[in-house]
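Scroll down for the structure; my scribbles are underneath it.
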Amino acid sequence: MTLLERVGIELPIIQAPMAGVSSPAMAAAVSNAGALGSIGVGATDPEGARGMIAAVRARTQRAFNVNVFCHRPATIDLTRESEWLEQLRPQFEHVGAKPPASLKEIYRSFVEDDAMLAALLTDKPPIVSFHFGLPSAERIQALKAAGIVLFASVTSVAEAHAAVQAGVDALVAQGYEAGGHRGVFEPDAEDACLGTIALTRILVLRFDLPVIAAGGIMDGAGIAAALRLGASAAQLGTAFIACAESEADAAYRQALASDAAHHTVMTRVISGRPARCLRNRFTLWGAEIPSHRIPAYPVAYDAGKALNSAAKAAHETGYGAQWAGQGAPLARAMPAAVLVAVLAEEMAAHRVLSMRSRD
Ligand SMILES: Cc1cc2nc3c(=O)[nH]c(=O)nc-3n(C[C@H](O)[C@H](O)[C@H](O)COP(=O)(O)O)c2cc1C
């Protein structure tokens with residue numbers, strides 16, 4: 001049985017989970033259009049996750065994916081955190097504010113969140129996907145025993161190997177081009193920064209598991225290319241940011257449509273983990289800052305969010321977590337279901353074209 005048959009979708013297209021950007025309405029619209037919609041619950045608590053799952057189910061009978069963050073829980077380092085807040089002080093002052101007195105670990109990792117596991121086992125979404133690592137064998141076993149199909153984001157062969165050993169059902173090969181947080185399991189380890197084409201092809205040849213290509217794929221030509229590499233499906237995030245159902249605010253949408261889309265950067269200053277963002281005032285400021293000065297994820301994100309909300313109150317939009325992949329200039333603003341239909345048409349046209357070019 002193919003991955004598409006197993007999860008019951010018609011099109012080899014997955015709308016990426018995007019905590020804070022994708023919405024239950026987007027996921028349901030995408031699934032209803034024949035692709036696979038996803039929600040990201042990494043930034044909410046179990047009650048919030050259950051509410052989002054119910055909101056998807058109220059809009060569709062079809063399969064959807066629920067994504068959780070599996071980062072190593074943060075190591076608190078009060079000295080580094082207070083030095084970081086001091087380093088950020090001029091940025092807060094620039095927007096007429098002061099840094100907070102201390103920082104918190106704002107998100108609980110799924111690896112230690114028993115209540116989130118219980119919520120997923122109760123609600124049984126058809127698919128659960130992991131980002132930033134893998135939960136324990138017991139958690140994986142419990143999810144599988146509940147009949148849930150499991151995906152894991154991986155950025156290297158070593159991470160893919162760990163995911164295969166853990167028993168996941170499909171690998172999301174996330175290339176360096178990808179928007180948002182890099183799924184690396186260990187943010188301080190050496191990163192070979194593999195691109196989507198190389199990573200997808202290596203994983204397809206190395207592992208006997210469906211591979212989903214992610215990173216820089218924006219249209220049907222890109223999806224067809226991923227399938228030609230042997231991927232079972234393509235996962236697109238940035239392509240959906242400008243959709244009607246997206247939670248991206250007006251400044252984010254404007255930045256995505258501007259010259260900034262041509263200059264995405266990998267930065268840690270916003271959250272404490274590497275993530276690809278549209279170049280803005282905050283990423284420019286952070287370009288020269290060594291990683292060891294930045295508090296761990298998601299503690300640094302508490303500061304980044306405080307700075308962004310103070311900045312927005314002062315009508316300064318250059319501090320937002322405006323995540324986007326290298327394909328950002330190709331983003332299109334339309335309802336998600338229309339985008340899925342356009343992607344399917346383009347994909348079909350490109351597959352015919354590529355077959356003809358082989359005649
Ligand atoms: C705004 C945004 C938010 C994201 N949030 C998540 C998330 O919560 N969980 C996750 O697994 N991946 C997240 N990602 C990464 C996507 O799963 C995917 O790897 C990426 O979007 C693919 O690259 P592309 O953006 O170039 O299509 C996010 C990506 C973006 C652009």
Side-chain angles (χ1 to χ4, degrees), residues 1-17 27 30-31 33-40 62-68 70 120 124-135 137 139-141 143-175 177-178 183 185 194-217 220 222-237 239 340 343-344 347-348 350-351 354:
M1 200 192 290
T2 65
L3 177 69
L4 301 190
E5 286 163 357
R6 173 132 191 236
V7 300
I9 60 169
E10 295 145 32
L11 297 166
I13 302 172
I14 300 174
Q15 165 253 311
V30 168
S31 290
L36 180 68
S38 308
I39 49 171
R62 303 224 182 164
F64 60 98
N65 165 36
V66 176
N67 177 258
V68 291
C70 294
L120 295 179
K124 295 187 181 56
I127 300 158
V128 165
S129 63
F130 308 126
H131 205 47
F132 301 145
L134 300 162
R139 281 169 193 265
I140 291 195
Q141 197 39 48
L143 293 166
K144 288 181 82 130
I148 299 170
V149 173
L150 302 177
F151 296 173
S153 293
V154 296
T155 64
S156 66
V157 170
E159 290 172 358
H161 190 72
V164 172
Q165 293 290 307
V168 304
D169 300 290
L171 301 169
V172 180
Q174 191 201 35
E177 302 91 320
F185 291 10
L194 290 177
T196 306
I197 288 186
L199 180 64
T200 300
R201 191 67 188 148
I202 292 169
L203 299 189
V204 163
L205 293 180
R206 179 79 63 114
F207 298 100
D208 191 19
L209 215 61
V211 174
I212 297 158
I217 303 173
I223 299 165
L227 300 180
R228 290 285 294 270
L229 292 171
S232 299
Q235 177 162 307
L236 287 65
V340 171
L343 293 172
M347 185 182 77
H350 276 272
R351 295 185 92 184
S354 59

Polar side-chain atom of [X] near backbone of [Y] as donor-acceptor pair, under 3.5 Å:
X	Y	answer
Gln15	Ser38	yes
Ser31	Gly37	yes
Glu5	Met1	no

Side-chain heavy atoms of [X] within contact of [Y], under 4.5 Å:
X	Y	result
Val68	Phe130	yes
Val168	Leu209	yes
Ser232	Thr2	no
Ile148	Val66	no
Ile140	Pro135	yes
Phe185	Val154	yes

Quick one: [atom1] on [X] to [atom2] on [Y], what's the gap to the nearest 0.5 Å?
X	Y	atom1	atom2	answer
Arg139	Cys70	CZ	SG	9.0 Å
Phe207	Ile202	CZ	CD1	10.0 Å
Asn65	Leu150	CG	CG	10.0 Å
Leu36	Arg62	CG	CZ	11.0 Å
Ser156	Leu203	OG	CG	8.5 Å
Asn67	Ile127	CG	CD1	11.5 Å

Which pair of non-hydrogen atoms, one from [X] and one from [Y], has the smallest distance, and what is that distance?
X	Y	result
Leu236	Ala239	CD2-CB, 3.8 Å
Ile13	Ala233	N-CB, 4.5 Å
Ile39	Ala27	CG2-CB, 3.9 Å
Leu134	Ala152	CD2-CB, 3.8 Å
Ala224	His350	CB-CB, 3.9 Å
Ile223	Pro12	CG2-O, 4.1 Å

- Given the rule in the side-chain contact (heavy atoms from CB on, under 4.5 Å) test, do Leu229 and Ile197 qualify, once you have shown the distances and angles that lead to the verdict? CA-CA 8 Å; Leu229 292 171; Ile197 288 186; 4.1 Å; yes

- Do Gln174 and Ser153 meet the criterion of a side-chain donor-acceptor pair at a distance under 3.5 Å? no

- Does the side-chain contact (heavy atoms from CB on, under 4.5 Å) test come out yes or no for Val172 and His131, once each step is laid out? CA-CA 9 Å; Val172 180; His131 205 47; over 6 Å; no

- Given the rule in the side-chain contact (heavy atoms from CB on, under 4.5 Å) test, do Leu3 and Ile212 qualify, once you have shown the distances and angles that lead to the verdict? CA-CA 10 Å; Leu3 177 69; Ile212 297 158; 3.9 Å; yes

